Amino acid sequence: MESPIVMSVIGPDRPGLVELVASTVKAAGGNWLESRMIHLGGQFAGILRVGVAGASREELVSALTALESRGLSVVVKDSGESAGSACQEIAVVEIVGNDRPGIVSKISAAFARRGVNVEELNTECRSAPMSGEALFEATARVCIPPGCDTDDLRRDLELIAADLMVDVSFESA
C-alpha cells in the first residue's frame, strides 16, 4: 500500500539540487507526485508530496534525512487529509499596491476571522514600472467554508485595501 509523505527541503541554491532530491526519492522507491520549488534570497526552497510503498518508507525517510550532509535541511511529515471543513467555494484573491509592512498580516487575519483557509499564497515585491517604488503583489487561492458570507468577506477585504491603499480583487475560481 502506498503511503504519501510531504516534505520540505531548503538549502543554499546551486545547480543539481532538484536532481539530488529526485534521484534520492527514486533510489528509495518513491514516486514524485507534486511539488512547488523556488529560489528565494539565495536559498533553494521546496515542498514535495511523494508516494512510497509502506515497506520502503523508512528507507526513503533515512535517505532524505541524509541529504543534510549535502547542505539540505529536510523535514518529512506523513500526508493526511485536511483538518479543515469542506469548501463551499474556491476563490482567488489578488492584492497589488505599494509595499508596506502588514499587508499579508491584515489580509490573512480577515481570512482567519471567517474560517477561510489559504490553500496557496504567492507573493512578490518588485519595482513599479514608472516610479521604481517597491510594488507588492500577492495571489491567494482560498477555500471558503460553508456558512461564510462572501459579501461580508469582500467588504472586509475592501476596507483593508482602502486602509493600506492597495487594490484587492476577489473572484470565484
Side-chain angles (χ1 to χ4, degrees), residues 4-15 17-18 20-22 32-50 64 71-173:
I5 60 171
V6 173
M7 71 181 108
S8 65
V9 295
I10 188 167
D13 197 16
R14 64 183 186 274
L17 286 179
V18 174
L20 175 62
V21 175
W32 191 295
L33 300 172
E34 62 182 315
S35 64
R36 306 290 186 277
M37 298 183 170
I38 192 163
H39 170 98
L40 287 172
Q43 298 291 309
F44 167 80
I47 186 164
L48 302 81
R49 188 169 64 94
V50 173
L64 292 167
L72 282 179
S73 176
V74 179
V75 176
V76 178
K77 300 287 183 180
D78 288 320
S79 178
E81 294 301 314
S82 173
S85 61
C87 289
Q88 167 184 305
E89 175 181 354
I90 298 289
V92 174
V93 178
E94 294 181 343
I95 303 136
V96 178
N98 289 335
D99 187 35
R100 63 180 32 80
I103 296 172
V104 174
S105 176
K106 287 189 178 195
I107 297 291
S108 61
F111 292 150
R113 277 192 303 275
R114 301 210 176 267
V116 174
N117 186 39
V118 178
E119 293 189 342
E120 185 175 345
L121 174 65
N122 295 298
T123 65
E124 178 181 25
C125 281
R126 60 183 177 84
S127 293
M130 300 294 259
S131 68
E133 292 183 42
L135 183 67
F136 178 81
E137 295 181 347
T139 303
R141 182 177 187 272
V142 298
C143 170
I144 313 276
C148 177
D149 187 323
T150 55
D151 291 333
D152 287 345
L153 178 59
R154 281 178 206 263
R155 278 190 287 280
D156 289 352
L157 296 174
E158 288 167 1
L159 288 171
I160 293 167
D163 180 49
L164 296 173
M165 294 184 292
V166 296
D167 294 324
V168 174
S169 68
F170 179 99
E171 295 183 21
S172 293

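By convention here, the first residue in the shown sequence is residue 1. Here the structure is a predicted model, which is why all the values come from computation and not from measurement. When reading the values below, keep in mind they use all heavy atoms of this one structure, side chains included, and skip hydrogens, waters and symmetry mates.
Considering all non-hydrogen atoms of both residues, R113 and I160 come closest at NH2-CD1, 4.5 Å. Nearest heavy-atom pair across P4 and R49 is CB-NH1, 4.3 Å. Closest approach of C148 to Q88, counting heavy atoms only: O-NE2, 4.0 Å. Shortest non-hydrogen contact noted between R100 and N98 is NH1-O, 3.2 Å. Across all their heavy atoms, L135 and G97 have their closest contact at CD1-O, 3.4 Å. When every heavy atom of A161 is checked against every heavy atom of V168, the shortest pair comes out as CB-CG2, 3.5 Å.
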For a side-chain contact (heavy atoms from CB on, under 4.5 Å) check, start with the C-alpha distance between V9 and L17, then their side-chain angles and the critical distance, and finish with the verdict.
CA-CA 10 Å; V9 295; L17 286 179; over 6 Å; no

Is there a side-chain contact (heavy atoms from CB on, under 4.5 Å) between R36 and I38? Walk through the geometry before answering.
CA-CA 7 Å; R36 306 290 186 277; I38 192 163; over 6 Å; no

Checking side-chain contact (heavy atoms from CB on, under 4.5 Å) for the pair F136/L164: CA distance, chi angles, key distance, verdict?
CA-CA 11 Å; F136 178 81; L164 296 173; over 6 Å; no

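Between atom NZ of residue K77 and atom CD1 of residue I5 there is a gap of 12.0 Å, rounded to the nearest 0.5 Å. Rounding to the nearest 0.5 angstrom, the gap separating the CD atom in E89 from the OG1 atom in T150 is 5.5 Å. In this structure, OG1 in T139 is found 8.0 Å from CD1 in I95, a value given to the nearest 0.5 Å. With rounding to the nearest 0.5 angstrom, the CD1 atom of I10 is 11.5 Å from the CD1 atom of I47.
A 4.5 Å side-chain heavy-atom check between F111 and L157 finds at least one atom pair inside the cut-off. Between I144 and F170 the shortest side-chain heavy-atom distance falls below 4.5 Å. Side chains of P145 and V116 form a contact here, defined as non-hydrogen atoms less than 4.5 Å apart. Side chains of D99 and E133 form no contact here, defined as non-hydrogen atoms less than 4.5 Å apart.
None of N117, V118, I90 except one satisfies the side-chain contact (heavy atoms from CB on, under 4.5 Å) rule with V142; the exception is V118.
Inspection of the E124 and N122 side chains reveals no N or O donor paired with an N or O acceptor under 3.5 Å.
Annotation: salt bridge (charged side-chain N to carboxylate O under 4.0 Å, His left out) contacts involving residues 139-154, sequence neighbours excluded, comprise E119-R141, D152-R155.
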Ignoring hydrogens and angles, write down the donor-acceptor pairs under 3.5 Å from the side chains of residues 103-110, residues two or more places apart or on other chains.
from: K106; atom 1: NZ; to: D163; atom 2: OD2; distance (Å): 3.0
from: S108; atom 1: OG; to: V104; atom 2: O; distance (Å): 2.7
from: S108; atom 1: OG; to: S105; atom 2: O; distance (Å): 3.2

